[in-house]
Amino acid sequence: MALLERLEQIVLELRQIPAQVESILEVQERYVEQLAHEFEETQDFIFIGRGINFPIALEGALKLKEISYIHAEGYPAGEMKHGPIALLDAKVPVVAIAMPGLVFEKVLSNAQEAKARDARLIGVTPMDDHEAQEVFDDLLPVPEVEELLSPLLTVIPLQFLAYHIAARRGLDVDQPRNLAKSVTVE
């Protein structure tokens, strides 16, 4: 595909993002709320992603820490063998962002390593992806989009998850403790 055609395709998909966001909001909130019940007492979470979705793994961990006060860390999925894997067991859920693109198969492989250590796997994956359905215990599906645009969608279920876990724990999600509401620059 020529560069101009690729850019045109990305622009076309970008125009569809608002409708896709709405569909995620409509479909997932009740499901994520129910899923959050299972993590009310959880002490630790690990979030993994690769490539363009690694920062989204960091954001998911940050949101969970900020409003639910659960210890959560984000890691590049390829670094699982260098530390985080030692922490995994049935009490430490792993949230993996696995969207089609250059690193999809690698993220699935990293997720399977976590599953082999009894970690509960939650996958942010494309809707109706049969391979992902076999790997993950729970799915937070999002529409399949161009890899460069996927963070716009993959962040939404992670924010829902953090919100609903905090709400389930009886915490004030609008007034998290110890967080500055503004940033001052000196």
Side-chain angles (χ1 to χ4, degrees), residues 1-28 31-32 35 39 45-64 72-88 92-162:
M1 179 182 296
L3 179 61
L4 186 56
E5 290 173 0
R6 180 157 157 61
L7 290 174
E8 288 173 353
Q9 181 65 32
I10 290 171
V11 169
L12 179 65
E13 287 192 33
L14 188 57
R15 289 187 179 125
Q16 296 172 3
I17 293 290
Q20 291 171 325
V21 168
E22 280 188 36
S23 75
I24 293 169
L25 296 174
E26 289 172 8
V27 171
Q28 283 197 6
Y31 171 72
V32 174
L35 183 62
F39 302 111
F45 262 84
I46 291 180
F47 290 74
I48 60 172
R50 277 183 177 251
I52 197 161
N53 276 300
F54 166 56
I56 302 308
L58 295 174
E59 172 67 11
L62 178 66
K63 284 296 172 244
L64 190 63
E73 298 293 333
Y75 291 99
E79 298 297 317
M80 283 289 294
K81 290 183 180 181
H82 303 290
I85 204 161
L87 303 173
L88 298 183
V92 181
V94 174
V95 179
I97 303 160
M99 293 299 289
L102 298 173
V103 295
F104 181 64
E105 294 299 326
K106 290 179 180 181
V107 174
L108 290 181
S109 175
N110 297 131
Q112 288 171 326
E113 288 180 30
K115 191 172 194 170
R117 274 103 184 142
D118 295 325
R120 181 162 178 183
L121 286 180
I122 302 164
V124 179
T125 65
M127 293 177 177
D128 302 320
D129 187 286
H130 300 294
E131 191 174 2
Q133 289 173 359
E134 291 178 20
V135 173
F136 295 100
D137 300 308
D138 302 285
L139 296 175
L140 300 175
V142 297
E144 188 171 338
V145 294
E146 159 66 42
E147 186 176 23
L148 290 172
L149 302 178
S150 65
L152 298 171
L153 301 179
T154 58
V155 72
I156 296 168
L158 302 183
Q159 291 174 341
F160 264 157
L161 186 63

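Count residues from 1 along the sequence. No hydrogens, no waters, no symmetry mates; every other heavy atom, side chains included, goes into these values. Nothing here was measured: the structure is a model prediction, and the numbers come from that model.
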Check your understanding: Taking all atoms of both residues into account, what is the closest heavy-atom pair of Pro126 and Ala98, and its distance?
Key -> CD-O, 3.3 Å
Revision key, fill the gap. d(Arg50 CZ, Met80 CE) to nearest 0.5 Å is 11.0 Å
Review point. Do the side chain of Gln28 and the main chain of Pro141 share a donor and acceptor less than 3.5 angstrom apart?
Key: yes
Revision key, fill the gap. In this structure, CZ of Phe39 is separated from CG of Leu161 (nearest 0.5 Å) by 7.0 Å
Check your understanding: Counting only N and O atoms by type, is there a donor-acceptor contact under 3.5 Å from the side chain of Glu13 to the main-chain atoms of Glu146?
Key -> yes
**Study point:** Step-by-step side chain to side chain contact (heavy atoms under 4.5 Å, CB included) determination, Val11 to Arg15
**Key:** CA-CA 6 Å; Val11 169; Arg15 289 187 179 125; 3.7 Å; yes
**Study point:** Closest approach of Gly74 to Ala61 (non-hydrogen atoms, all atoms of both residues)
**Key:** N-CB, 3.6 Å
**Study point:** Heavy-atom closest contact (Pro55 atom, Gly51 atom, distance)
**Key:** CD-O, 3.6 Å
Point to revise | Rounded distance [0.5 Å steps], CD in Gln20 versus CD1 in Ile24 | key: 7.0 Å
Review point. Considering all heavy atoms of both residues, which atom of Leu139 and which atom of Ala132 are nearest to each other, and what is their separation?
Key: CD2-O, 4.0 Å
**Study point:** Nearest heavy atoms of Leu87 and Val92, plus distance in Å
**Key:** O-CG2, 3.4 Å
**Study point:** Ala111 versus Val135, closest heavy-atom pair with distance
**Key:** CB-CG1, 4.1 Å
Exercise for review: Report the residue from Leu149, Leu140, Ile97 that forms a side-chain contact (heavy atoms from CB on, under 4.5 Å) with Thr154.
Suggested key: Ile97
Practice item. Using atom types as modelled and distance alone, determine if a side-chain donor or acceptor of Arg117 lies under 3.5 Å from a backbone N or O of Glu113. Key: yes
Point to revise | Over 12 foreign heavy atoms within 6.0 Å of CG, Asp137 | key: yes
Check your understanding: Would Glu5 and Gln9 count as having a side-chain donor-acceptor pair, cut-off 3.5 Å?
Key -> no
Check your understanding: For Leu121, does its backbone N or O pair with a side-chain atom of Lys115 as donor and acceptor, under 3.5 Å?
Key -> no
Point to revise | Trace of the side chain to side chain contact (heavy atoms under 4.5 Å, CB included) decision for Leu152 with Leu14 | key: CA-CA 10 Å; Leu152 298 171; Leu14 188 57; 4.0 Å; yes
Check your understanding: Could you give the distance from CZ (Arg120) to CZ (Phe136), rounded to the nearest 0.5 Å?
Key -> 13.5 Å
Point to revise | Heavy atoms from other residues, nucleotides or ligands near CG of Leu102 exceed 12 (cutoff 6.0 Å) | key: no
Check your understanding: To the nearest 0.5 Å, how far apart are CG in Leu58 and OH in Tyr75?
Key -> 10.5 Å
**Study point:** Sidechain N-carboxylate O distance under 4.0 Å for Glu59, Lys63
**Key:** yes
Exercise for review: Evaluate the side chain to side chain contact (heavy atoms under 4.5 Å, CB included) criterion for residues Leu153 and Ile17: first the C-alpha distance (whole Å), next the side-chain angles of each, then the deciding distance (0.1 Å), finally the verdict.
Suggested key: CA-CA 8 Å; Leu153 301 179; Ile17 293 290; 4.2 Å; yes
Practice item. Evaluate the criterion side chain to side chain contact (heavy atoms under 4.5 Å, CB included) for residue pair Ile56 and Phe47; output intermediate values, then yes/no. Key: CA-CA 9 Å; Ile56 302 308; Phe47 290 74; over 6 Å; no
